[in-house]
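Reading through the structure tokens given below for one structure.
We're numbering straight along the sequence, starting at 1.
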Amino acid sequence: MGRKKLLAMLLGMTLAAGSLAGCGGGGAKDTPAPAQETKEDEAAVQTKEDEPEQKAAAEKEEITLWHYYTTVNGENFEKMVEAYNNLPEGRVRVTVELIPRAELLKKYTLGIATGDLPEIAIVDNPDAASLTAAGMFEEVTELLNGWEGNSFVSGPLESGQYEGKQYTLPFRSNCLGLFVNEEHLEAAGVEKVPETWDELLSACEKLKGMGTSSYPFAMSAVKSEEGVFHFMPFFQSTGATVNEADSEGGIKAFEMIARLASEGYMSNECINWTQNDVEKQFAAGNASMMINGSWQISNILADAPELEYSIAYIPKDKESVSSLGGENIGITKSAENVEACWDFVSWMLSRENNVPFNVAGAAISPRADVTPEEQYPEDEKMRVFVELFEMAKPRGPHPKWTEISGAYQEGIQAVLVGSKTPEEAAAAVAGKVAEINASVE
């Protein structure tokens, strides 16, 4: 597909979606006062000492970075950038610009068309491939391969690739896991947290048999990217890829979520629930288990500080899988000096800087050279998420992931409301994905 055609698609998608005064002398005309002479001499010496640093700062290239981080993550991110800017050896000076998350993709898409882009960009990882295909990012494969700090978990690294080359790199990551109300399971006689689909269904049956108003299970199935995010661990656990919706494994995944709803294990309202809505249900005791992300730990602490729960792997069909979330960082086509920008990017991605940033925001570093215990030595729940992260798969990467996601959103909703059988929904999704893929070729 041509770049102009892809850019037009992206545009359509995103538009929908004072100076200092001198001191006077106090002695004889030809003999300055000693105190004044000392201050002037000190100032002269200090100015001379500062000259190399000031000259270096003046010679640094000024670049801009766009991001959407707010609250704690925003504060920590800007502190990191400030620390880099204070490095005498840093090759660029970075100015950050905060763009609301809902507007950022639109700004990037319009920037590709107009050339009005920052030199460095933070992007949601599912959007990385489409923006790359539209011509936004510089390739960094050689820079990455030549960097001694090159050590990343495969799934997050893959999210920044396009046509076998590296364009963006994982910066801040998260993933999904199974939250379990331990008291509910114990009361229902569920002896261990379910690890397989059969065990999940068995546990749900026991929990339902207690006759309480609580549902055994909850997930987001809202018609948005969040619904697809929650569905993918089931789907990819079968071994199916997004291009194989109507495969045996793909149909089986649609059958699984249909059964969770039809047998009363999951509320039909899940088709309207965002991830935050699901957390509220779990925190209120209205769901015994839920699919959700590490960022909800702080929300549960605020909503239900006494709730006892654990984090586990998402029940599997063939293999344990989680969905990858988070952001990538990349150098755009607006950069006049890619290698100088790489100096900043590689500094931000280094083990010494990237790991503390992620831990401070209850996220996960995408680096492969740090253990769960090193990241979260005193947080058992987050250590499980770090383990899950190592098996997290990206959505895509695909230059038209938004359209593919839309096809899956329709399929998920169709089986949950009963308008299509799992087979029919899977076939419809597969047909749309085939059309999307054909438009790219």
How far apart are the closest heavy atoms of [X] and [Y], and which atoms are they?
| X | Y | answer |
| --- | --- | --- |
| Ser237 | Glu319 | OG-O, 2.8 Å |
| Met266 | Ile257 | CE-O, 3.9 Å |
| Ile364 | Phe389 | CG2-CD2, 3.5 Å |
| Ile291 | Phe217 | CG1-CZ, 3.5 Å |
| Gln236 | Pro394 | NE2-O, 3.9 Å |

Next on the checklist: Assess the residue pair Glu225 and Trp401 against the criterion (side chain to side chain donor-acceptor pair (under 3.5 Å)); give the C-alpha distance rounded to whole Å, side-chain angles, the decisive distance to 0.1 Å, and a yes or no.
Outcome noted: CA-CA 10 Å; Glu225 185 65 34; Trp401 172 255; 3.1 Å; yes

Can you tell if the side chain of [X] reaches within under 4.5 Å of the side chain of [Y], non-hydrogen atoms only?
| X | Y | answer |
| --- | --- | --- |
| Ile297 | Met382 | yes |
| Thr196 | Pro315 | no |
| Leu178 | Tyr313 | no |
| Leu98 | Thr70 | yes |
| Ile120 | Trp66 | no |
| Leu416 | Asn268 | no |
| Val92 | Glu62 | no |
| Glu244 | Val433 | no |

Is it possible for you to check whether [X] lies under 6.0 Å from the centre of the six-membered ring of [Y], through NZ or CZ, and within 45° of that ring's axis?
| X | Y | answer |
| --- | --- | --- |
| Arg395 | Phe229 | yes |
| Arg367 | Phe152 | yes |
| Arg101 | Tyr68 | yes |

Does the distance from a Lys or Arg side-chain N to an Asp or Glu carboxylate O, for [X] and [Y], drop under 4.0 Å?
| X | Y | answer |
| --- | --- | --- |
| Glu103 | Lys107 | no |
| Glu374 | Arg351 | yes |
| Glu403 | Lys432 | no |
| Glu158 | Lys393 | no |

With distance as the sole criterion, is a donor-acceptor pair present between the side chains of [X] and [Y] under 3.5 Å?
| X | Y | value |
| --- | --- | --- |
| Thr141 | Glu139 | yes |
| Asp343 | Tyr84 | yes |
| Ser220 | Gln275 | no |
| Asn299 | Gln296 | yes |
| Asn328 | Thr168 | yes |
| Asn354 | Ser365 | yes |
| Asn272 | Glu269 | yes |
| Lys381 | Ser310 | no |
| Glu78 | Tyr69 | no |
| Thr371 | Gln375 | no |
| Trp347 | Glu89 | no |
| Ser350 | Asn353 | yes |

Next on the checklist: Between Trp273 and Val278, does the side chain to side chain contact (heavy atoms under 4.5 Å, CB included) criterion hold? Intermediate values first, please.
Outcome noted: CA-CA 6 Å; Trp273 286 349; Val278 173; 4.0 Å; yes

Checklist entry - Any chance CD of Glu373 has more than 12 other-residue heavy atoms, nucleotides or ligands included, within less than 6.0 Å? => result yes

Item to check | Lys333 NZ: over 12 foreign heavy atoms closer than 6.0 Å | outcome: yes

Item to check | Mutual orientation of the aromatic rings belonging to Phe77 and His67 [parallel < 30°, tilted 30-60°, perpendicular > 60°] | outcome: tilted

Checklist entry - Any idea how Phe179 and Phe282 line up, ring-wise: parallel (<30°), tilted (30 to 60°), or perpendicular (>60°)? => result perpendicular

Straight-line distance of [X] [atom1] to [Y] [atom2], nearest 0.5 Å:
| X | Y | atom1 | atom2 | value |
| --- | --- | --- | --- | --- |
| Leu207 | Ser202 | CG | OG | 9.5 Å |
| Lys165 | Thr132 | NZ | OG1 | 12.5 Å |
| Asp277 | Cys270 | CG | SG | 11.5 Å |
| Ser173 | Asn125 | OG | CG | 7.0 Å |
| Thr109 | Asp127 | OG1 | CG | 8.5 Å |
| Ser159 | Gln166 | OG | CD | 8.0 Å |

Between the main-chain N or O of [Y] and the side-chain N or O of [X], is there a donor-acceptor pair closer than 3.5 Å?
| X | Y | value |
| --- | --- | --- |
| Thr332 | Pro118 | yes |
| Asn181 | Glu183 | yes |
| Thr114 | Leu110 | yes |
| Asn85 | Val94 | yes |
| Glu327 | Asp124 | no |

Item to check | Sub-6.0 Å ring centroid separation between Tyr376 and Phe385 | outcome: no

Checklist entry - Does the pair Phe254 and Phe231 meet the rule for a ring-ring contact (aromatic ring centres under 6.0 Å, His included), with working shown? => result CA-CA 9 Å; Phe254 281 108; Phe231 174 66; 5.0 Å; yes

Checklist entry - After noting the C-alpha distance and the side-chain angles of Tyr162 and Phe137, does the key distance pass the ring-ring contact (aromatic ring centres under 6.0 Å, His included) rule? => result CA-CA 10 Å; Tyr162 180 67; Phe137 291 109; over 10 Å; no

Checklist entry - Under the side chain to side chain donor-acceptor pair (under 3.5 Å) criterion, do Ser130 and Lys400 qualify, and how do the steps go? => result CA-CA 6 Å; Ser130 60; Lys400 284 193 173 185; over 6 Å; no

Checklist entry - Do Tyr167 and Glu138 pass the side chain to side chain contact (heavy atoms under 4.5 Å, CB included) test, and can you show the C-alpha distance, the side-chain angles, and the key distance before you say yes or no? => result CA-CA 6 Å; Tyr167 287 86; Glu138 291 281 356; 5.9 Å; no

Checklist entry - Leu200 and Met289: side chain to side chain contact (heavy atoms under 4.5 Å, CB included), yes or no, with the steps? => result CA-CA 10 Å; Leu200 175 61; Met289 295 177 284; 3.7 Å; yes

Next on the checklist: Evaluate Cys175 against Leu324 for side chain to side chain contact (heavy atoms under 4.5 Å, CB included), listing each step before the verdict.
Outcome noted: CA-CA 5 Å; Cys175 64; Leu324 175 68; 5.6 Å; no

